[in-house]
Amino acid sequence: MTLQVLPRGKWLGARVKRVEDPRFLTGEAKYLADITLPGTVHVAFVRSPHGHARIRRIDTATAKEMPGVLAVFTADDVAPLPPLASGLPVEGLKPTPQPVLAKEKVRFVGEAIAAVVAESRYLAEDAAEQVTVDYEPLPAVVDAQRAMQPDAPTLHEELGSNIVYQKTTTLGDIEGAFAQADHVFRRRLHTNRFVAAPMETRGCISVYERASGHLTFYSSTQMPHMLRLFLALFLGIPEHKVRVISPEVGGGFGQKMTIYPEEVVVAYLGKVLGRPVKWVEDRRENLAAATHAKEQIIELEAAVRSDGRILGLKARLIGDGGAYSFNTASALIEPLAGAGLIPGVYDIQHYQHEVIAVCTNKSPVGAYRAVGWTAAQTARELFFDEIARELDLDPAELRRRNVISSEQFPYTTCTGMVYDSGTYRESLERALELVGYGELRRRQAELRQQGRYLGVGISLYVEPTAWGSEIALQAGFPFPSHDNATVTIDPSGKVRVAVSVHSHGQGHETTLAQVAAEILGVSIEDVVVEHGDTDRAPWGMGTYASRSAVIGGGMVALAAQEVRQKVLRVASRLLEVAPEDLDIQDGTVFVKGAPDRSLSMFQVAFAAYLDNRTRAEGEEPLLSATKFYDPRATYSNGCIVTVCEVDIETGLVRLDRIVAVEDCGTMLNPMIVEGQVMGAIAQGIGGALYEQITYDESGQLMTDTFVNYLLPGAAEVPPLTIEHLESPSPVTIGGIKGIGEGGLLATPASVAGAVLDALAPFDVHIERLPLTPERIVEAVGHS
Amino acid sequence: MARVSIGLTVNGQAVSAEVEPRMTLADFLRDELGLTGTKLGCEHGVCGACTVLIDGAAVRSCLMLAVQAEGADVLTIEGLSHNGLHPVQEAYWEHHGLQCGFCTPGMVLTAYAFLQERPDPSDEEIREALAGNLCRCTGYQNIVVAVRAAAEKLAGAR
């Protein structure tokens, strides 16, 4: 059996109901906050109310005397803990380490200054209110371009500037492209700062056993093994004495792949106090101090031929990194990832980009579904819409004239990405057909006569997925990225699959069980998938960047394939036939062509472990294999089309429907693929129309609740039509590509594009997202 | 802080306890009774994860104090079904109406209460009924499909 093509029988590719669901539906599932260990004490953090200030003095005396209070820790009390810095440094990025508790200065509202530990969270919060901090407020800077000016307030004085990275790269013959252009167009877009806002906030519990020196750390994290490594290094506990358990996790979307200052502090408190120490973030803390995302200022310039062919692009991407670039090059991830994907699905070989990362008095930036790519896609697609309008060309036609065609695969972009396969043009045509594009344009013209404004937005995208080492390099982040699976058949014939990728809603317990069941020829009910506990799962990087279907699916397939061979070898000795003459179906190993000569998986497994005659010299009794997978780069693609109507009097946008045609190669479970797409689209609607983290000029956070930070609800999301195209990757196991991010990568451009298309008669110019009613009314008024 | 005695019914069982007057109903259910199926997503009444039924009506247990539940009949997700899944839960399962599961108890209880009042709703009414429950994973479409399917299941059972 070659793994280039996976068998597709009963399980693989089927709409299997998720095996993990009953415990969520009954409320039995245990998330971090649901775990209470005997003797637990609780943490409340004292956080900065200022965007930028010097700390003159912290008085904890009153708080320490309050009932139920065990300790109040400030920077001086956590002196052994190193500041958080980029674990994997990028050349040219200036380090801006973040102390785990602020020392001397605070640089954003919500930065933790002290940790109060008490017998209950109520008492801890009471005491936190009694910690008094004497601040000397400093001028703040909350706009990235303002922060670049020499006279701007400087966050990290030792650097002398807020610019922590600046680099220009020229690809192809950019001057030649612009010399040949009939037209040169320019556009600036300042994308909004928005956040993952998982329904479950962050949280952790530190349990330290003094006698043995073992730390057990529960955390709502996407990457248990990486957290284990860094906790061991930061706390000076040998790694083999650290266990990280990530229980049920209520959504992550990238926000929970950061190793946070609070986690390090809580881990340390557990070690020092010798009691289980628990911290559960509240929503205000989450909006203020968990990582923010997606804010960039992108300036684009295009060299365009009069037939609509884009000859070359110049881009300047300024990432608003927030106060610290403290974790995996966080100030840089937005503009650097964005720069790589500006050409996207289009055949553009002449390109120059300048990437700038800037510190401002805001919460640091981290990953959020389609990091960097959302802003890049939005800027480019809205720009292409404008170019089409300028040239009086249909926006679909402009895309047709520039899109990479299927004959060009494998296609190497000027930024070094190798697109393996896909349906770029086909997804565009199919989406237009599904939405009834021609009829919509006719209807649009008709309605305009009646003073009604219908809009159609097209966002055609490619999505780097399967985050292994190769695609990481192609996307500009030269770090290794791979994972492991252990597949074991127990002596009674049941299957255990232990994986390092972590599920926080993606349904790995189902999809990865489908892979194992298909290859081993057993029922999915006889397979259990274990993840999220470093003592049970093999080492790996965790779940992020649409990697778990490809890497998880691939590594489980490899390990299951090896275990299958072991099963066949044992059965061949029991049945006295060659292994090649055997097959396995429905948990029965049988002779091909003679199905009555068979053994149950129980019989084979029992014999493998407990009957030494089934084992040749040197063979192991365990029916187990551990395999790693680091896939070649693969790219998913699709097209999202939005239809909306805009009320120009009130600025209200009514989304009529959204059509998404996606291609993620071989699907493990189409139901789960659709769930990923629909969820990401809803987040994209939020990004286009509702969600924005805002600060005032003094650095004060204006959006600290779900009353002023608006998430889309059921009434804001229109009916979604999802259709699949399936072009299996030629370079990954089974042809699987990833699916996690495309919806959020492409939807903001599609929705915002639809709104701007509706407003085309007014010749509006909008540089800021989201498209709130105020912005729409103002833009129409100014036209 | 002085404690107050309360008595109420939770999932059909009589409960009496002494609580601090400032303790929320959500914290009481979770921390004092160990009913952690009720989730806290925002603690300011927007997200709906903490939804429970009080005398049959869906309410936000984060916005209510335990002392206010004196004499009330409270239903949490743990009490919805004692043998297997309730038809509403089954429908969410069959139609992939959940992913991370964190909003699910509140979503299920909201839908359950809504369908008691409105057994044959339109999609638009379903979306309106769910408007106070935030989900960050599903994009809501499968939840709407699930609630419609649950309505059909419940109608079939009548």
Side-chain angles (χ1 to χ4, degrees), chain A residues 15 17-18 20-31 33-36 120-122 196-201 248-253 280 282-284 503-507 671-672 674-683 685 705-707 711-717 719-720 722 743, chain B residues 1 20 22-23 27 30-31 34-49 76-78 80-81 84-86 88-90 92-105 108 123-124 126-144:
Chain A
R15 291 178 175 269
K17 269 199 305 183
R18 300 204 319 173
E20 51 267 78
D21 283 0
R23 66 177 190 266
F24 296 120
L25 288 160
T26 55
E28 287 169 287
K30 295 280 180 261
Y31 299 80
D34 307 335
I35 298 168
T36 303
S120 79
R121 177 65 180 249
Y122 283 74
M199 293 315 300
E200 184 210 25
T201 55
E248 310 291 5
V249 170
F253 314 110
V280 178
D282 68 24
R283 185 54 65 182
R284 183 175 190 281
S503 181
H504 30 283
Q506 296 89 342
M671 180 189 83
I672 283 177
E674 286 156 19
Q676 286 288 314
V677 175
M678 293 192 288
I681 288 176
Q683 290 177 327
I685 292 170
T705 68
F706 282 161
V707 177
L711 300 184
E716 281 77 49
V717 178
L720 311 174
I722 315 290
Chain B
M1 202 172 285
E20 281 190 20
R22 65 172 174 172
M23 177 171 264
D27 284 346
R30 289 175 49 80
D31 300 340
L35 297 171
T36 55
T38 301
K39 302 300 179 202
L40 289 168
C42 73
E43 294 176 275
H44 50 257
V46 177
C47 81
T76 72
I77 191 70
E78 288 90 347
L80 185 61
S81 173
L85 299 176
H86 184 274
V88 175
Q89 291 168 315
E90 276 176 10
Y92 272 73
W93 189 14
E94 282 158 11
H95 297 280
H96 191 31
L98 64 151
Q99 289 183 30
C100 82
F102 197 81
C103 75
T104 308
V108 166
D123 280 6
E124 208 163 313
I126 294 172
R127 284 186 187 268
E128 237 167 72
L130 297 173
N133 289 69
L134 296 175
C135 168
R136 203 55 166 160
C137 296
T138 64
Y140 304 102
Q141 179 143 312
N142 283 347
I143 294 179
V144 175

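Worth saying up front: this structure is predicted, and the values here are computed from it rather than measured. Order of the sequence lines sets the chain letters (A, B, ...), proteins ahead of strands, with each chain counted from 1.
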Tell me, out of [options], who's got the most heavy-atom pairs with chain B below 4.5 Å.
{"options": "P712(A), G713(A), G507(A), A196(A)", "result": "G713(A)"}
{"options": "E674(A), K30(A), H504(A), R18(A)", "result": "R18(A)"}
{"options": "E200(A), Q506(A), R15(A)", "result": "E200(A)"}

Given a strict heavy-atom distance threshold of 4.5 Å, which part of [X] is in contact with chain B: side chain, backbone, both, or neither?
{"X": "Q676(A)", "result": "both"}
{"X": "I672(A)", "result": "both"}
{"X": "T26(A)", "result": "both"}
{"X": "L711(A)", "result": "both"}
{"X": "V249(A)", "result": "backbone"}

Among [options], residue most engaged with chain A (heavy-atom pairs, under 4.5 Å):
{"options": "E128(B), E43(B), M23(B)", "value": "M23(B)"}
{"options": "R30(B), K39(B), R127(B)", "value": "R127(B)"}
{"options": "C137(B), A131(B), P105(B)", "value": "C137(B)"}

- Note on the structure: Heavy-atom closest pair (L98(B) atom, D21(A) atom, distance to 0.1 Å) is CD2-OD2, 3.6 Å
- Query: Run the side-chain contact (heavy atoms from CB on, under 4.5 Å) check on R121(A) and D282(A) step by step: do they pass?
  - Reply: CA-CA 11 Å; R121(A) 177 65 180 249; D282(A) 68 24; 4.1 Å; yes
Check for a donor-acceptor pair, side chain of [X] on one end and backbone N or O of [Y] on the other, with a separation under 3.5 Å.
{"X": "Y140(B)", "Y": "E716(A)", "answer": "no"}
{"X": "H44(B)", "Y": "F706(A)", "answer": "yes"}
{"X": "E78(B)", "Y": "G37(B)", "answer": "yes"}
{"X": "R283(A)", "Y": "M199(A)", "answer": "yes"}

- Message: Among residues at least two apart in sequence or on other chains, which ones pass ring-ring contact (aromatic ring centres under 6.0 Å, His included) with H86(B)?
- Response: Y112(B)
- Query: In chain order, what residues pass the side-chain contact (heavy atoms from CB on, under 4.5 Å) check against A29(A), with sequence neighbours excluded?
  - Reply: R23(A), F24(A), Y31(A), E248(A)
